[in-house]
Amino acid sequence: MPAFQGIFSPHWRGDARALMIGMSLNTERGHIMRALMEGPCFRSTEVVHAMAKDSGAPIKSVVVDGGMTV
């Protein structure tokens, strides 16, 4: 997914690709769209937690930009 390009952190896998798992015949378009919107949020949360762990200080606020913020 292009949205994940550049935010492979904190895992840094150059060969990482998007996967869609757990789908069934009951999976609808809305489920996929929700997953597409939640994915970057979960990844950003991972990055913030990694930053807090590495720095030893809590992250009190985050400022975001980019196409998805529109």
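The shortest distance between side-chain heavy atoms of Val62 and Val64 falls below 4.5 Å.
Cluster annotation: Val47 and Phe42 are assigned to distinct hydrophobic clusters (Ile/Leu/Val/Met/Phe/Trp/Tyr, side-chain heavy-atom contacts under 4.5 Å, transitive).
At most 12 non-hydrogen atoms from other residues, nucleotides or ligands lie less than 6.0 angstrom from CG of Asp65.
Counting only residues at least two apart or in different chains, side chain to side chain donor-acceptor pair (under 3.5 Å) contacts with residues 26-42 comprise Arg34-Glu38.
Between the CD atom of Glu46 and the SG atom of Cys41 there is a distance of 12.0 Å, given to the nearest 0.5 Å.
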